[in-house]
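Below, chains carry the letters A, B, ... as their sequence lines are ordered, and counting in each starts from 1.
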Amino acid sequence: MEQEQAIGAKRVWESVKLYTVKCAKCSKWRLIPTKEKYEEIRERIVERSFLCDTARAWRPNVSCNDESDVKQDDSFLWAMDRPRIPQTPPGWQRILRIRAEGGTKFADVYYVTPSNKRLRSMVELSRYINEHPHLKGVNISQFSFQPPVPLDEKYIAKRARSTTHDTSSTPAAGAYHALQTQNDSSGVPESATTEAKAPAQS
DNA sequence: GCCACCGGTGGC
DNA sequence: GCCACCGGTGGC
């Protein structure tokens with residue numbers, strides 16, 4: 001019944017403000033116009049590198065000669081998605097919620113079903129699918145609860161990591177693309193955010 | 001040690 | 001009373 005644009009109607013909202021992907025050639029950021037497009041690129045980013053040319057699909061004249069669409073400064077909280085996250089099935093929504101700074105986790109991923117039910121884990125997802133025969137065609141391999149990684153590792157409270165050895169010097173090493181989230185809450189963190197800037201070599 | 005999962009609860 | 005958010009922890 002009240003399926004009415006349900007999704008996106010009220011409570012369901014996304015922490016992500018802008019979707020951006022880095023050009024594999026010139027390393028400039030290109031804004032991705034829609035979440036759907038972003039998810040499509042993200043799924044195949046390993047097989048198909050993103051280039052400024054790719055953005056011509058929605059920006060006919062853009063090229064590596066144009067400056068970056070967005071500066072990677074501290075006006076946003078940056079996070080890198082992992083590659084190979086499947087596109088969200090039609091009728092569903094994949095929602096990312098960034099947690100408060102200084103907590104034990106960075107973000108939560110959840111899926112909203114076509115009938116507006118919020119699911120928090122693979123367990124809940126498969127149970128829900130089993131209990132709803134009309135969703136039998138839905139394969140759980142189309143879902144991933146893997147959250148992105150913050151570029152600023154200090155955003156999360158330090159664990160018993162100690163010694164901070166170089167082991168994790170490059171956060172999200174394999175990930176090619178990133179998303180931005182709004183960094184409201186605090187005033188000007190400023191401190192070290194800019195240092196976390198993309199090591200993005202090789 | 002990490003993280004997927006879920007219970008508790010504070011704020012609405 | 002509900003639910004968004006967070007922390008604890010069991011299983012790997």
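With sequence neighbours excluded, the residues satisfying salt bridge (charged side-chain N to carboxylate O under 4.0 Å, His left out) with A:Glu47 are A:Arg84. Residues meeting the side-chain hydrogen bond (donor to acceptor under 3.5 Å, both in side chains) test with A:Lys35, sequence neighbours left out: A:Glu14. Residues passing the ring pair (Phe, Tyr, Trp, His ring centres under 6.0 Å) test with A:Phe143, sequence neighbours excluded: A:Trp92, A:Tyr111.
Atom-to-atom, CG of A:Leu125 to P of B:dA4 comes out at 14 Å; the value is rounded to the nearest Å. The nearest whole Å value for the distance from the CZ atom in A:Phe143 to the P atom in B:dA4 is 17 Å. Put simply, CZ on A:Phe106 is 18 Å from C1' on B:dC2, counting in whole angstrom units.
Listed by first and then second residue, the salt bridge (Lys or Arg N to Asp or Glu O under 4.0 Å) pairs that reach into residues 54-65 of chain A are A:Asp53-A:Arg56, A:Arg59-A:Asp69, sequence neighbours excluded. Within the structure, the side chain to side chain donor-acceptor pair (under 3.5 Å) test picks out the following pairs touching residues 129-142 of chain A (sequence neighbours left out): A:Asn139-A:Ser141.
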Please enumerate all protein N or O atoms sitting under 3.5 Å from an N or O of nucleotides 5-7 of chain C, with distances to 0.1 Å.
residue : atom : partner  : partner atom : Å
C:dC5   : OP1  : A:Arg97  : NH1          : 2.6
C:dC5   : OP2  : A:Arg97  : NH1          : 2.7
C:dC6   : OP1  : A:Ala100 : N            : 3.4
C:dG7   : OP2  : A:Thr104 : N            : 3.3
C:dG7   : OP2  : A:Thr104 : OG1          : 3.3
C:dG7   : N7   : A:Arg99  : NH1          : 2.9
C:dG7   : N7   : A:Lys105 : NZ           : 3.4
C:dG7   : O6   : A:Arg99  : NH2          : 3.0

